[in-house]
Every structure is written in C-alpha cells, then in structure tokens.
**Q** 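Please find one structure pasted underneath; my questions will follow.
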2 protein chains.
Amino acid sequence: MVSNKSHERETWIKQLVNPIRNDLLSGAAELALQAINIFQSILSSSDNTQVDSLREDLRFAATELINAQPAMASLFNLANTILTAASKANSVAEIKKECQNALDQFERFLCDSAAKIADIALDLMPPGEMVFAYSFSSTVVSCLLNARARGRYFRVACSESRPSMEGRKLATRLAAGGIEVILTFDSAMAMLLPNCSIAFMGCDAVGSPGLVNKSGSLLLALACHEMKIPLYAFCDSTKIVDDEHVFEFENHQRPGIEVWEDAPPGVTILNRQFELIPFDYITGLVTEKGLFTEHDLAKHISKLSIHQDLQTVSR
Amino acid sequence: MVSNKSHERETWIKQLVNPIRNDLLSGAAELALQAINIFQSILSSSDNTQVDSLREDLRFAATELINAQPAMASLFNLANTILTAASKANSVAEIKKECQNALDQFERFLCDSAAKIADIALDLMPPGEMVFAYSFSSTVVSCLLNARARGRYFRVACSESRPSMEGRKLATRLAAGGIEVILTFDSAMAMLLPNCSIAFMGCDAVGSPGLVNKSGSLLLALACHEMKIPLYAFCDSTKIVDDEHVFEFENHQRPGIEVWEDAPPGVTILNRQFELIPFDYITGLVTEKGLFTEHDLAKHISKLSIHQDLQTVSR
C-alpha cells in the first residue's frame, strides 16, 4: 500500500518531470541538463531522511524521466548513472554525495563533449559555404556559433520542423549569433540542399541498428545520400544505448490534434516524433572521441551496464 | 495609349483571374476548369463588338492566367488553344464560335482523359494495400474514388502539404468517399511509405527535363526510389510543354510570411511551391494514352505549336 507521504512525493516528482514531457522544442543535451536539475532538487529536498525513501524517489524520477521522453538516450543514461551511484552507498548522506558527484561529472561530460565535437565540426566545415542543419540540436547550435565566433563565414539552410516548429528555434538562435539563415518548409528541403556542401544533425539515441532523431531526419538523409552531400550526426557518448533501448523512441506517440485539430471522421493522424536512420545514409557519427565507426560503437555498447531497476522500463 | 474602356476591361479580367492566382489548394485540372469559365465569361460579354478588342481581351486573359500560376502547364495549353482558335476567325461571331468550340473540346478532353487515367490507375493498384498520395490532385482523387466505387478496397496514406495544407483537402475528399485515410506531417512521410505498396501523384507540368509538381514531390520520389515503391505521376497531355516553358514554375515564389509570419531579422524565408522531379525517380507517367515513355513525350513535344503572343510570356 502506498502511504500518503509517498503519494505526495510522487506527485511532486511528476510535476518536476512534466515540463520535460511537454518539451518538443529542446534538443537532447538541453533536456539532459534539465533532468540533472530535477535529480538535484530531489537530492537537496529535506524530506528524505530514510535511505529507502530517497532511493525510491530517485528510482521513481528515473523511470518518469525515461517514460516522458523515451527517445532521449541521454536521459536513460543519466538515470542509469544516478541509480548506479545510489546503489553504491548505504546512508542518506553517502547517497547524496555519490549522486551529486555523478551529476557533476555527467554535466561536465556534456559540456566538455560539446566543446570537443565543436572542434571536429569546425574542421569538417568548408569555409564560405552553406550548411544544412535539421530540427533543433543544442550541439549543432553550439558547433555553428563556435565556428562563427572563430571567424568562420558560412550560411545555414534549415526547415521549420512541423509540427513543433523547432527549426524556427534553430533559425532564431543562429540569426541572433550573427549567422545568415535561410528557412523553408520541411517538404522543400530538397530545394535548398543542392546549394549546401555539408549537412549536420543532432541525435537523440544511437545503437547498432542506427540512430534515432526527429522525424524528417530520414528524408534528409535519403536526399543527402542521393545528392552526395556529406551528412554528419553529432552525438556525445551519453546518446549510446543497447539494442533493446534504441527502439524506445517508438513509444513516443503524440496526440493527433497537434497535427490537425479538426480532422474529419475517417482520417487517422499519425504524430510520431522520432524515427530511425540506418547508418548507410550517414557519412559520419561525430562523438567527443572523434568519428565513430560501427566497430567503435559496438565496443562502447558492449561495455554498457544497466541498473536492474531500468532493465524493464517501458517494456 | 490605353483607353479608359480598355483599362476597365483589363481590371475586370484581372478580377476574374485573381481567385486562380490565390488558389493554392486546387490541382491543375481544377484550375484549368476555372480558367475555361473565365474565357467563357469574356466570350459571352456583350461589350465585345470589335474583333480587335475581343482578341486583345483574350490575349490579356491568356497572359494573366499564365502569370498567375506559371507552373500550371494546362493553363498555358488552354490559353494557347484559345488564342490559336481566335486567330483562325475574322469576325466577332466567328471568333466566339471557334473559341467556344475549342473550350468545349478542351473541357471534354480533360474529363475523358481523367476517366482513361482512372482505368489505368485501377489496373496498377494492388487490392487490399495502402496507397501513398501526395499533395492535392483532382486526377488522383478521381482515380481513387473511381477505384473505391468499383468495389476496390485499399487505404490511403498522405501528408499535410505545408504551407497550404492541400493534403488535408485530399484526405477530406477521400474520407468523404468512404476511403480510410492516414495522414501525417510532411517530414514524416518516410514513416508511412514502408507500409505502402504504390504511390501516386498529380503533375502540374511535364517536359523533357522532368515533371513539375508541388514541393515535397522530389523528397517523395527520392524516398520511393530508395524504398523500391513504384511511383506513378498522373498527367493528361494538356500538362505537356516544351523545354522553355517547363521551367516557368520557377517564377512561382510566394511571400515568406505564408511560412513564418514573424521571422526574426537575419532569417530569409524561401516559399517556392513547385519543384522539378527528374524522370529517373518516377516509375511511370500515366497519360490518357497509357504509360508514356520519354520517346512518346519527345514526339508529343515536337508537335506542340505555340501561338506567337505566348512565345515570350514570363520570359
């Protein structure tokens, strides 16, 4: 039986997670930073005076976060890191210390990785050319702003990313950073691509079957493949998951009314936000360790260790 | 110097053409039927008592129609047919008679062609399967409704067609005709395609470089090509134009605010509604005479004769 106290805490954690559940505009790295804040709130809450209830709160937050954005591998790996850290300790004080260290390390890793990926991206970008960027990825944005700040001149082509329009967020951020942007609707991306010499996209999860990213990434990849435009996906290693978890994105169905508010009877709306892109259509996977081959990926996946509480999440 | 009388008539003709200029939802065949009505209004107007002023009105309407929808080859060919008919006659009564005959013949041709194409489409459709249909084409709609009326069971997958959303019009018409429809946003079309065994699209113009259709058709064609899904374009021969005129679609740029009302400074919007799809990505071109090869097309183009008043339109 669930006590009142425990029910109250679950409600509180659900409220903390809700903004992440409803966030269709942020990239994976941004969501991971928000999730770090949620774990920090739980750790610093004075209510937790018992080991069991603190562990239960962390476990509950972990599964809520994963279910809120099933495509976001970084959330899964963050949750896994925290539950593993909590397992190592035996008192409330120790759990808080272990988990805080893990959170700090995770956050530092995200920031360092973004900087390393930005260096690699700069080397990939031909000066003076047009770069295609799809959807919204804070990693892609930081790569492009970094290149601009280092005096590299280029233009960016992008599309709006229906239905959430996070392509507009990308365009706004880049334009505010002094980058000239040209935006069109998604189905017209093939019109801009022949003017681009390279294409960049973020990534929400990577596993041996391919990478998961916002819907439309597969069409972009097919078009780049056909037009011989190199397409790079930026992906720090917190995005890597085992084969079982890479398909979690299929659990992320959104309501049809977000696509068409008053569809007539007889018309069913499909509003699936993520899709799988096989590696055959990607030129390279840029991680903080450099370009990853499928062998590098397999090696990384073989070393993943999943906390027992997360082994059946969303299954 | 333009007389007041002539100025008044030009204003009247512009008003007749305006609905076509602003119509982003209708397919090529629908627009051609509307254009037939405009020529009919001019012919039946009692103001025209002089050969020269009647010819001038027809010429003015012809160029206005072509400039209103430069991608629509049927409008060009209708205008060409009418000006050619008007050239053959020497009195107001004869011009009216010749032009009326030409209009009747053109309309009958459109209707007969749609019926013949629908017969061919029925043979192409595998029973019980899902058909992908893109954008809005009254020819595609009539093919699908005809197949349903003949007891063929199938489902249709489509996408919304930003920014004008004419895919919703397609979905609404088909659902009203008892066809089960599944609709998604444009960038997610690659998610529905693996469930489809065939794809159909309309066509606004065809020439030896390829066919012109609504933006997004090239992405659809690339995806179908890669996924080995046969893609047929439906195109009666009023859509065929010479090489010089097939690129008229490039003159059809729409205002950027139709895509993004309040784009920030530094962001340029591209709102181009049509694009060229090379024949390499199309399985077949279905005309009223059956499947057209590139040889059939070249032969048809070689016989086209363009009225002198239209030889430099939009050039």
**Q** Would you indicate whether L291(B), at its atom CG, is surrounded by more than 12 heavy atoms from other residues, nucleotides or ligands within a distance under 6.0 Å?
**A** yes
**Q** Pick one of side chain, backbone, both or neither for L183(B), based on which atoms fall under 4.5 Å of a heavy atom in chain A.
**A** both
**Q** Do you know which of R272(A), M165(A), M189(A), K214(A) has the most heavy-atom pairs with chain B at a distance under 4.5 angstrom?
**A** R272(A)
**Q** Mind ranking V259(B), L276(B), L218(B) by heavy-atom pairs under 4.5 Å with chain A and telling me who comes out on top?
**A** V259(B)
**Q** So which of S159(A), A157(A), A190(A) has the biggest tally of heavy-atom pairs under 4.5 Å with chain B?
**A** A190(A)
**Q** Between V156(A), D186(A), I182(A), which shows the greatest number of heavy-atom pairs under 4.5 Å with chain B?
**A** I182(A)
**Q** Mind checking whether L192(A) and L270(B) have side chains closer than 4.5 Å, heavy atoms only?
**A** yes
**Q** Of all heavy-atom pairs between A171(B) and V267(A), which one has the smallest distance, and what is that distance?
**A** O-CG2, 3.8 Å
**Q** Count the heavy atoms of every other residue, nucleotide or ligand shown that sit under 6.0 Å from CG of L122(A), and state whether that count exceeds 12.
**A** yes
**Q** Nearest 0.5 Å, please: how far is CD in E275(A) from CE in M191(B)?
**A** 4.0 Å
**Q** Testing the basics here: between S187(B) and L219(A), what is the closest heavy-atom pair and its distance to 0.1 Å?
**A** O-CD1, 3.7 Å
**Q** Can you tell me which portion of F274(B) sits under 4.5 Å from chain A's heavy atoms? Options are side chain, backbone, both or neither.
**A** backbone
**Q** Within this structure, what is the CG-NE2 distance for the pair L222(B) and H225(A), rounded to the nearest 0.5 Å?
**A** 10.5 Å
**Q** What's the shortest heavy-atom distance between S215(A) and A188(B), and which atoms?
**A** CB-CB, 4.3 Å
**Q** Which distance, rounded to the nearest 0.5 Å, do you find between the CH2 of W260(B) and the OG1 of T184(A)?
**A** 12.5 Å
**Q** Which atom names give the shortest non-hydrogen contact between E226(A) and Y281(B), and what distance separates them?
**A** OE2-OH, 2.7 Å
